[in-house]
Amino acid sequence: MFLSRTEAAALPRTPTPPPPTRRRTRLWPMLGPAFVAAIAYVDPGNVATNATAGASFGYSLLWVVVAANVLAVLVQTLTAKLGLATGRDLATLCRQTLPRPVTRGLWVQAEVVAIATDLAEIVGGAVALNLLFGVPLPIGGVLTAVVAFALLGLQRFGHRPFERAVTGCLLVIAAGFGYTMLDAGVDPAGVVAGLAPTPLSGDAGVLAVGILGATVMPHVVYVHSALTPGRYGDAVTAARTRSGRGGCCGPSGSTSCWPCCWPAW
């Protein structure tokens, strides 16, 4: 029995699952935002507090560093999932769901933290250029600012060039940290002992608060949630909203485009 083209088009369509994707293919779009967020955790403020803690108290505050970074990983994972699941960044969702005085307070907080972080980056870059190449501090600060704006300018060519440049900077920093650690030497017994929580008092308590404050930064939470939407395609993002699902699935609840008909998570 043969059907005409019109009759065949009228038959209900069987949903066709998408072709299987490799785990590496699904993970790769997330690495760029993760590296952009990670660069904020190796800024001069983190280095200064952690180095001061090690120079003053040895490995005894290592558990504070580990706990702060575990907390940061949890927060960044949640904010990345928020962008994927909703298609919106954290700042937009806060404005849509929270009272106006609260959103204004959050905005002021994020701006103050970002400004303080920028000052640390500029001063840290100027000091680094002065120590490495003898560049005067004012000129080093200007050069650091120029490089920062040049990196931001890469976003005009898409998110990939910017993320690759940031990843390259992160690898250079990681290589420097690795060389310094190997050159200084590590005491395995001291590392194991430092992972056990100990009571904090005096200067140790102040440094512990500084380590925690330098590790968890609100502006990075906002940035990470803004970088992940749409990484797996607009169809996935559209499926998070009722209008997106209705526009994609067709009339009468047709499931001919079934990936867009997943429930909103």
Candidate pair Thr180 and Asp183, rule side-chain hydrogen bond (donor to acceptor under 3.5 Å, both in side chains), full reasoning:
CA-CA 5 Å; Thr180 302; Asp183 184 63; over 6 Å; no

Practice task
Could you walk me through whether Leu61 and Val65 pass side-chain contact (heavy atoms from CB on, under 4.5 Å), step by step?
Solution key: CA-CA 7 Å; Leu61 292 180; Val65 177; 5.6 Å; no

Practice prompt. Verify side-chain contact (heavy atoms from CB on, under 4.5 Å) between Leu71 and Thr215, making sure each step is shown before the conclusion.
Written response: CA-CA 9 Å; Leu71 179 60; Thr215 303; over 6 Å; no

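Between the side chain of Ser225 and the backbone N or O of Tyr222 there is at least one donor-acceptor pair closer than 3.5 Å. Looking at Ser56, its side chain does come within 3.5 Å of a backbone N or O of Thr52 through a donor-acceptor pair. Checked by atom type and distance alone, the side chain of Ser60 pairs as donor or acceptor with a backbone atom of Phe57 at under 3.5 Å. Listed for the Thr103 side chain is no donor-acceptor partner under 3.5 Å among the backbone atoms of Leu98. In terms of modelled atom types and a separation under 3.5 Å, the side chain of Asn46 and the main chain of Val42 share no donor-acceptor contact. Side-chain atoms of Tyr59 come within 3.5 Å of backbone atoms of Asp187 as a donor-acceptor pair (strictly under, hydrogens ignored).
To the nearest 0.5 Å, the span separating CZ on Phe149 from CG on Leu152 amounts to 7.0 Å. Expressed to the nearest 0.5 Å, how far CZ of Arg95 lies from CG of Leu106 amounts to 12.5 Å. The CG atom of Leu154 sits 11.5 Å away from atom CZ of Arg164, with the distance rounded to the nearest 0.5 Å. To the nearest 0.5 Å, atom CG of residue Asn69 and atom CG of residue Leu74 are 12.5 Å apart. The structure places CZ of Phe35 at 6.5 Å from CG of Leu170, a figure rounded to the nearest 0.5 Å.
When all heavy atoms of Thr228 and Ala80 are compared, the pair lying nearest together is OG1-O, 3.1 Å. Contact record, Ile39 with Ile173: CD1-CD1, 3.9 Å, taken as the closest heavy-atom pair. Residues Thr49 and Ala214 come closest through the heavy atom pair OG1-CB, 4.0 Å.
Each of Lys81, Gln76, His219 was checked for a side chain to side chain donor-acceptor pair (under 3.5 Å) with His224, and the lone residue meeting it is Gln76.
Side-chain contact between Pro229 and Arg88 is absent, with no heavy atoms from C-beta onward closer than 4.5 Å. Inter-residue side-chain proximity for Arg156 and Phe162 is flagged as unmet; no heavy-atom pair is nearer than 4.5 Å.
By the rule that hydrophobic residues join a cluster once side-chain heavy atoms approach within less than 4.5 Å of another member, Val192 and Val66 end up as members of separate clusters. With hydrophobic clusters built from ILVMFWY side chains whose heavy atoms lie under 4.5 angstrom apart, Leu137 shares a cluster with Leu131. No chain of hydrophobic side-chain contacts below 4.5 Å, direct or via other Ile, Leu, Val, Met, Phe, Trp or Tyr residues, connects Val64 to Val70. Leu78 is not connected to Val221 by any chain of hydrophobic side-chain contacts under 4.5 Å among Ile, Leu, Val, Met, Phe, Trp and Tyr, and they are in different clusters.
Residue pairs meeting the side chain to side chain donor-acceptor pair (under 3.5 Å) criterion with at least one member in residues 110-138, sequence neighbours excluded: Trp107-Glu111.
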Name every donor-acceptor pair, under 3.5 Å, that has one atom in a side chain of residues 197-213 and the other anywhere in the protein, sequence neighbours excluded.
none

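Every side-chain contact (heavy atoms from CB on, under 4.5 Å) that Leu82 has, sequence neighbours left out, goes to Thr86, Leu90, Leu93. Applying the side-chain contact (heavy atoms from CB on, under 4.5 Å) test to Val135 and every residue at least two apart in sequence or in another chain returns Leu129, Phe133, Ile139, Leu143. The side-chain contact (heavy atoms from CB on, under 4.5 Å) search around Ile122 returns Thr144, Ala145, not counting sequence neighbours. Among residues two or more places apart in sequence or in another chain, the side-chain contact (heavy atoms from CB on, under 4.5 Å) test is passed with Ala128 by none.
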